[in-house]
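Here's the structure we're looking at; comments come further down.
All values below were derived from every heavy atom in this structure, side-chain atoms included, with hydrogens, water molecules and symmetry-related copies excluded.
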There are 2 protein chains.
Amino acid sequence: MANREGLRRSGMREVAQVAGVSVSTVANVLSRPSIVAPPTRRRVEQAMVAVGYVPHGPARQLRGLPSPIVGSVTLDLANPFYAELNRGIEDALSEAGCLVLACSTDLQSAKERQLLALLQEQAVRGIIISPIDPDPTALLQVSRRGTPVILIDHPRRQLDLCAVAVDDVVGGELAAEHLLSLGHRRIAFLAGAIDPGPVARRREGARRVLAAAGVDPADALVDIRMSDHPRSSVSVAAQAVEQILATRPALTAIICLNDTAALGVLEGLHTAGVRVPDDISVVGYDDLHFAARLSPALTTVHQPKRRLGRAAAELLLDEEHPDHTHREVHFRPTLRVRASTAPPPRRR
Amino acid sequence: MANREGLRRSGMREVAQVAGVSVSTVANVLSRPSIVAPPTRRRVEQAMVAVGYVPHGPARQLRGLPSPIVGSVTLDLANPFYAELNRGIEDALSEAGCLVLACSTDLQSAKERQLLALLQEQAVRGIIISPIDPDPTALLQVSRRGTPVILIDHPRRQLDLCAVAVDDVVGGELAAEHLLSLGHRRIAFLAGAIDPGPVARRREGARRVLAAAGVDPADALVDIRMSDHPRSSVSVAAQAVEQILATRPALTAIICLNDTAALGVLEGLHTAGVRVPDDISVVGYDDLHFAARLSPALTTVHQPKRRLGRAAAELLLDEEHPDHTHREVHFRPTLRVRASTAPPPRRR
DNA sequence: GTGAAAGCGCTAACAG
DNA sequence: CTGTTAGCGCTTTCAC
C-alpha cells in the first residue's frame, strides 16, 4: 500500500527515501547499475516503480548530458518529400533513442531564423536543416555555439558543416536530356515564385544540357513562375497551365518543380483538352508514391528521400564522436521514365 | 572588441558581468523589463548581444516554467494523413511559440509505450496521440502525472482526457450508403492486418448501413485483410487485388481503408484489365491531395486533417488555463463522389 | 531598482 | 559499495 504512484511526479529524492538509501545511490542504479550491490539495487528498483519514478530530462541536460531531441527544419513538413525525409531522420534517430522536432519555415527566412533561435534555446542535440536563407552565417553561428548543424540540399562550399544532398544539377540534366533526346526544343520550366536553391540548380542543370547540345537555352527553356500559395500548390499549378497554353502555344514539354505541381499540371492539361504525352510531355520531380499511378504514369526524377534523411541523422549522431570530421554525403537522382513523356507532336 | 560572441555558449553570468550588474537584474530584463531602469536595461541588452546570449530552456524548465515542446504520436508521420495532421498541430502551436515533436509508432503498442515514456521524461508540455493501444491506462497515468494528453480519433468514453475525432462510423456509413444506393450488394472492405480503432469503426458503420437496408452484412460485406507492410502499402494493395479477383469474383465494389491503398487497388485493377468504375467501384478514405487527380478520380471520404490537428493543439494549449475542463471536439467526414464509383455491371 | 541567496532534479567527483 | 558535497543556468522571494 506504499504505492502512492499516480499523483504527480516524484523525483529521485522520494525514491531514495522509500528505498532507504541516498540519492546518489539511486543515481548509480540508473547510470552505473553494475557498481551497486544487487540487493540494494533491487530495493531501489522496487522503490522506483512504487513511486512511479520518471527521470527528469531537463535536469539531466542541465548537468551537461546531451538532449535526445534533434530539430528538423524544412520548408513544409506536410510536403510529402519532407515528410519522407523526416521519417528517414526519425528511423535513424530512434535507434539512438532520439526524437525529431519537426518544423516548417514556409519558405520564409524570418521563420527560419526564429526557429533556429528556438531550437538553440532548447539546447537540442543538433539541427538538420533544408535552408531557405542562402546566407549561411546564422547557421555557422549556431554551429559555433555548440549546436551541430547538418545541411540538406544546400551547397556546402567550404563551410565547416556536415551536409547531405541529392545532386540537383544532375536531376535537372536528367530531365532535360530525356526531353531533348525525344526531340523537344521548347520546354517550360515550372517553378514557384520563391526559388529555393534546389529548384534553381535543377533549372541550371537543364540549361547546361541544352547549351551542351547546341540549343540556345534562352530560347528553348522558358521560365514560368507560379504564384506561391503553398497550401494548394496543385490547384495553383492547374491554373498556371492555362496561362502557359495561352501565352506559349509552341511549348511541347513542361518540367515541373515537383510531382505535386505535376499533378496540377496534368489536371490543368486534361481540363484544357490537351493530351499527355501526345500534345505535351510532362516531367515531375521527387517520385512520390502516386507518381507511378497517375494516368498517364508520370515520368519524374527520383530522389532517395528516406535515405537522405537517414544519412543526415547519422551524420548528426556522429558529431558526438570526438574524432568527428565534417563531411558531405551525396546521392544521385535517377530518371524514371514512364508514360507522361513522348516525342513532340509532328505539326506544331 | 569586447565582442567575444561566437565561441561557445555564454549564460546570464557573463551577461551580468559585462553589463556590470547582477544575474537577477539580467533575469529581470528578460522576464519583467518594465521594473528595470531604462539605462540599466539598455546596458544589459547590449551585453546580451555582445556575448551572444541564448537563454537555456532546460534550466528554465527546471525552475518550473512550461516546456514549449509538444509531443505528437501518430502511426506514421510519413503517412500523408498524419503529415497533414501534424501540420495543423504545428500551425496552432507556432502561434504560441511551441514546437512539435513528431513520433511514429508503426502500429506497435510497444513503440507507443516507449515513446510515451520518452516524452514524459522530456517533460513536454503535453502529448497529442492517435493511439494504437486500445487500453487507455498508460495514457491516463501519463495525464495524472501531470502531462496533458489529447486523444485523436479514439473513443473518449468517460476518460478524463480531451479528445478530437472525425466520426469514423459516419464515414463508413457514407461510403456504404453511397455504394448501396448505386445498387451494390457485394462489397469488399479492404483493411490492414492490424486494425486500428478508426478502421474498425468504419467497417462497423458500413455494416450498420447494410443491416438497416435489410441486407445481411455477413453476406454483403466481405472483410479482406492485407499483410501489413507499412512502407509500401500501395503495392501491397495492388497485390491484394489479385487475390480479391481470384477468390471473390462476385464483388462489385471495394471500400479501401485509405486513399493510399486505393491507389494500389486502382493500379491492381488496371493491370488485371478490370475497368473502374464499369466493372468494379472503388471508394477511398481521407481525400488526399491526389485523390481528385487520379483517373478515374477517386470517390472518397474527406476528413478535415489540418483542422483536426489544429483543434487538438488548441485543446492542449487550453489545458494551461486554470479553469480548463476536458472536452471533446467532433468533426463530420463528408463523402466526395467522383468518378471511381458507378452502378454495378448488369451481368455479374 | 538592484542584489544576495535559495533551490528546481539531477550528476559526478570524492570521502568514507 | 554508499553517502556527502557541489554545482549545472535559471527564477524568485526578500532584503537592501
Side-chain angles (χ1 to χ4, degrees), chain A residues 8-45 47-48 51-69 117-118 120-125 145-147, chain B residues 8-45 47-48 51-68 117-125 145-147:
Chain A
R8 230 56 201 170
R9 230 177 149 114
S10 33
M12 287 196 350
R13 208 171 18 241
E14 286 86 329
V15 176
Q17 198 167 4
V18 171
V21 298
S22 75
V23 262
S24 30
T25 299
V26 177
N28 282 336
V29 171
L30 252 36
S31 25
R32 284 117 30 139
S34 53
I35 76 157
V36 180
T40 319
R41 188 168 66 203
R42 241 186 314 283
R43 214 145 27 90
V44 172
E45 279 161 351
M48 293 203 292
V51 305
Y53 173 67
V54 177
H56 190 87
R60 287 185 152 161
Q61 264 181 267
L62 196 52
R63 290 298 320 175
L65 303 202
S67 163
I69 298 180
L118 255 173
Q120 231 183 144
E121 282 189 30
Q122 291 319 301
V124 295
R125 176 80 139 270
R145 293 235 181 82
T147 306
Chain B
R8 231 54 201 173
R9 228 179 153 112
S10 33
M12 287 197 347
R13 211 173 13 243
E14 286 87 330
V15 176
Q17 200 167 3
V18 171
V21 297
S22 73
V23 260
S24 24
T25 298
V26 177
N28 282 335
V29 171
L30 252 36
S31 26
R32 284 119 30 144
S34 54
I35 76 157
V36 181
T40 319
R41 189 168 65 203
R42 241 185 316 282
R43 217 150 20 95
V44 172
E45 281 160 351
M48 293 203 291
V51 304
Y53 173 67
V54 177
H56 190 87
R60 285 183 152 159
Q61 263 181 267
L62 196 52
R63 293 295 324 180
L65 302 203
S67 163
L118 254 173
L119 292 173
Q120 232 183 143
E121 282 189 29
Q122 290 319 299
V124 295
R125 176 81 139 266
R145 293 235 180 83
T147 306

For this session: Between protein and nucleotides 6-12 of chain C, map the contacts as a letter string: B base, S sugar-phosphate only, - none, heavy atoms under 4.0 Å, written 5' to 3'.
Result: -BBBBBB
Which donor-acceptor pairs under 3.5 Å do the side chains of residues 34-45 of chain B make with protein atoms, sequence neighbours left out?
| unit_1 | atom_1 | unit_2 | atom_2 | d |
| --- | --- | --- | --- | --- |
| R41(B) | NH1 | P33(B) | O | 3.0 |
| R43(B) | NH1 | A19(B) | O | 2.6 |

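Here dG1(C) presents its P atom at 15 Å from CZ of R43(B), a figure rounded to the nearest Å. The nearest whole Å value for the distance from the CZ atom in R41(B) to the C1' atom in dT2(C) is 15 Å. Q122(A) places its CD atom 14 Å from the C1' atom of dC10(D), with the value rounded to the nearest Å. Rounded to an integer number of Å, the gap from CD of Q61(B) to P of dT12(D) is 14 Å. In this structure, CD1 of I35(B) is placed 11 Å from C1' of dT12(D), rounded to the nearest angstrom. Remark: P of dC8(D) and CZ of R9(B) are 15 Å apart, rounded to the nearest angstrom.
At least one side-chain nitrogen or oxygen of S22(A) sits closer than 4.0 Å to the OP1 or OP2 atom of dG3(D). Distances shown here put a side-chain N or O of T40(A) below 4.0 Å from the OP1 or OP2 atom of dT2(D).
With a 4.5 Å cut-off on side-chain heavy atoms, R125(A) and Q61(A) do not count as touching. Under the 4.5 Å side-chain criterion, counting only non-hydrogen atoms from C-beta, Y53(B) is not in contact with V18(B). Proximity of S67(B) to Q122(B): side-chain heavy atoms (C-beta onward) are nowhere separated by under 4.5 Å.
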Problem set entry | Verdict with supporting geometry, Q17(A) and V51(A), side-chain contact (heavy atoms from CB on, under 4.5 Å) | CA-CA 10 Å; Q17(A) 198 167 4; V51(A) 305; over 6 Å; no
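Atom OG1 of T25(A) is separated from atom CE of M12(A) by 9.5 Å, given to the nearest 0.5 angstrom.
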